[in-house]
Amino acid sequence: MAHVTGVQYEPVAEIGGGAYGTVYKARDLESGQFVALKSVRVQTDQNGLPVSTVREVALLKRLEQFDHPNVVRLMDVCATQRSDQETKVTLVFEHVDQDLKTYLEKAPAPGLSPGRIQDLMRQLLCGVSFLHSNRVLHRDLKPENILVTSQGQVKLADFGLARIYSCHMALTPVVVTLWYRPPEVLLQSSYATPVDIWSTGCIFAEMFRRKPLFCGESEVDQLGKLFEVIGLPPEDEWPTDVTLSRKHFPPLLPRPITDFVPEINEQGAQLLLKMLTFDPLKRISALNALEHPYFQDEETLT
Amino acid sequence: MTLQDKLTTAAATGNTADVEALLREGAQVNGVNRFGRTALQVMMMGSTPVAQLLLERRADPNVTDRSTGTTPLHDAARTGFLDTARLLVQFRADPQATDNNNCRPIDLARENGHVEVVDFLQSQ
């Protein structure tokens with residue numbers, strides 16, 4: 001990551017921003033293709049870049065060597081020294097010009113076919129499983145960063161950046177959506193790979209509904225909304241390391257998931273419930289989800 | 001961010017409601033952002049709702065990129081979004097336009113294996 005950003009990548013529009021830096025849609029002047037430039041400002045000292053940043057970038061580059069079909073390509077990494085104290089690290093990712101949000105919005109009534117949903121879900125879980133097997137959490141899966149090519153290929157974006165950004169994000173609160181967040185994150189308990197499975201479950205439901213499953217306006221509101229569907233968990237599943245008490249919520253019983261996702265088939269409903277499981281230790285893994293009977297009968301793609 | 005910058009950001013992220021609201025607020029459909037690009041040039045190519053809205057509001061479909069000479073139809077063809085390519089042509093994008101490498105949209109579609117787009121552009 002030694003070379004300096006030349007004129008190879010020309011920004012054409014800002015597509016994301018936050019406390020940590022800015023994301024641009026840019027054109028690679030060599031290939032003519034669009035790319036996504038993600039910059040992060042990093043504090044430096046006489047030893048250069050912080051070890052944590054170098055380690056994260058090395059991890060992303062290692063992932064890249066697998067050339068996995070369901071994650072976006074990391075095409076380049078550039079570091080530009082801005083001053084003695086600050087270096088700008090720019091990650092150049094493949095840009096796919098359609099996200100799942102748009103893909104769902106575009107689908108004519110009555111929505112995506114069961115076969116299309118099964119195919120999207122298989123690819124999505126393959127991508128998540130790949131990240132998890134390399135000990136990378138996505139942490140912020142949502143329809144906006146699940147990309148779908150014109151050929152229907154799913155590619156996950158925005159993974160593995162959380163730790164590079166985290167120290168910067170603490171400085172300025174960034175508005176992020178709560179809708180795909182699992183209960184353990186909402187409760188500020190410890191978390192690991194099951195976070196991404198919860199988000200994937202929410203997205204699975206959304207593929208049928210074409211609107212989000214849980215639309216909370218605050219952490220507590222979001223928890224209340226998800227208990228209305230999965231029921232209030234038993235006392236022994238409530239994490240012990242959190243401040244918010246279980247007594248804060250009404251004693252709701254689980255409701256049939258098909259009340260909320262009526263178009264889903266029986267196997268799909270079973271899988272969805274295994275993903276939307278309160279206890280992260282009991283939640284299904286990406287690898288096991290791919291083995292679920294829901295994926296056994298190939299539905300016709302239309 | 002200026003109104004034009006906001007419009008191009010909304011278009012590039014496929015946010016139809018924001019594009020609509022910004023146009024209502026007075027953003028110019030053919031105005032350029034701080035990078036010298038219009039909304040149609042940077043839109044999320046797969047977002048037919050954004051493409052439709054911009055074109056209905058008279059976005060110029062034959063605007064060329066100042067660095068590469070490509071038109072929106074070149075980008076739709078290269079990325080393989082048939083519905084967007086159809087819309088652009090319907091609103092009089094020139095299928096024979098050539099970029100700085102002397103490529104037409106159909107050449108880029110062919111190069112990237114987008115058969116349906118090739119067939120469509122051939123029929124034009």
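Throughout, protein chains are lettered first and strands after them, A, B, ... in sequence-line order, and every chain is numbered starting at 1.
Contact count against chain A (heavy-atom pairs under 4.5 Å) is highest for B:Arg34 among B:Arg34, B:Glu116, B:Lys6. Ranked by heavy-atom pairs under 4.5 Å with chain A, the first of B:Asp5, B:Thr68, B:Thr16, B:Val32 is B:Thr68. Interface check for chain B: of the options A:Glu144, A:Arg27, A:Glu10, the most heavy-atom pairs under 4.5 Å are formed by A:Arg27.
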- [ ] Could you walk me through whether A:Leu29 and B:Ser67 pass the side chain to side chain contact (heavy atoms under 4.5 Å, CB included) test, one step at a time?
- [x] CA-CA 8 Å; A:Leu29 296 178; B:Ser67 298; 3.9 Å; yes
TODO: Output, in order, the C-alpha distance, side-chain angles, deciding distance and verdict of side chain to side chain contact (heavy atoms under 4.5 Å, CB included) for B:Met44 and A:Lys25.
DONE: CA-CA 10 Å; B:Met44 183 183 274; A:Lys25 178 175 184 173; 5.7 Å; no
- [ ] Please test A:Val12 against B:Gln41 for side chain to side chain contact (heavy atoms under 4.5 Å, CB included), starting from the C-alpha separation and ending with a verdict.
- [x] CA-CA 9 Å; A:Val12 297; B:Gln41 286 184 291; over 6 Å; no
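With a 4.5 angstrom heavy-atom cutoff, A:Ser150 touches chain B via backbone and side-chain atoms both. Only the side chain of B:Asp75 comes within contact range of chain A, judged by heavy atoms closer than 4.5 Å. Residue contact with chain A, scored on non-hydrogen atoms closer than 4.5 Å, involves the side chain of B:Thr70 exclusively. Using a 4.5 Å cut-off between heavy atoms, B:Asp65 contacts chain A through its side chain alone, with no backbone atom that close. For A:Phe34, the parts sitting under 4.5 Å from any heavy atom of chain B are the backbone and the side chain alike. For a residue to count as touching a neighbouring chain, one of its non-hydrogen atoms must lie under 4.5 Å from one of that chain's; by this rule A:Val148 touches chain B with the backbone only. Residue contact with chain A, scored on non-hydrogen atoms closer than 4.5 Å, involves the backbone of B:Met43 exclusively.
The environment of CD in A:Glu64 is crowded: more than 12 heavy-atom neighbours from other residues, nucleotides or ligands sit within 6.0 Å. When the shell of 6.0 Å around CD of B:Glu25 is examined, it contains more than 12 heavy atoms from other residues, nucleotides or ligands. Within 6.0 Å of atom CZ in A:Arg82, 12 or fewer heavy atoms from other residues, nucleotides or ligands are found, so the atom counts as exposed in its surroundings.
Side-chain atoms of A:Lys106 do not come within 3.5 Å of backbone N or O of B:Ser47 as any donor-acceptor pair.
B:Thr9 and A:Glu14 are not linked by any side-chain donor-acceptor pair at a separation below 3.5 angstrom, with hydrogens and angles left out of the test.
Ionic pairing of A:Asp97 and B:Arg78 is not present here: no N-O contact between side-chain nitrogen and carboxylate oxygen is shorter than 4.0 angstrom.
Between B:Thr13 and A:Ile15, the shortest heavy-atom distance links the atoms CG2-O, 3.6 Å.
In this structure, the separation between OG1 on B:Thr48 and CD on A:Glu105 is 9.5 Å, given to the nearest 0.5 Å.
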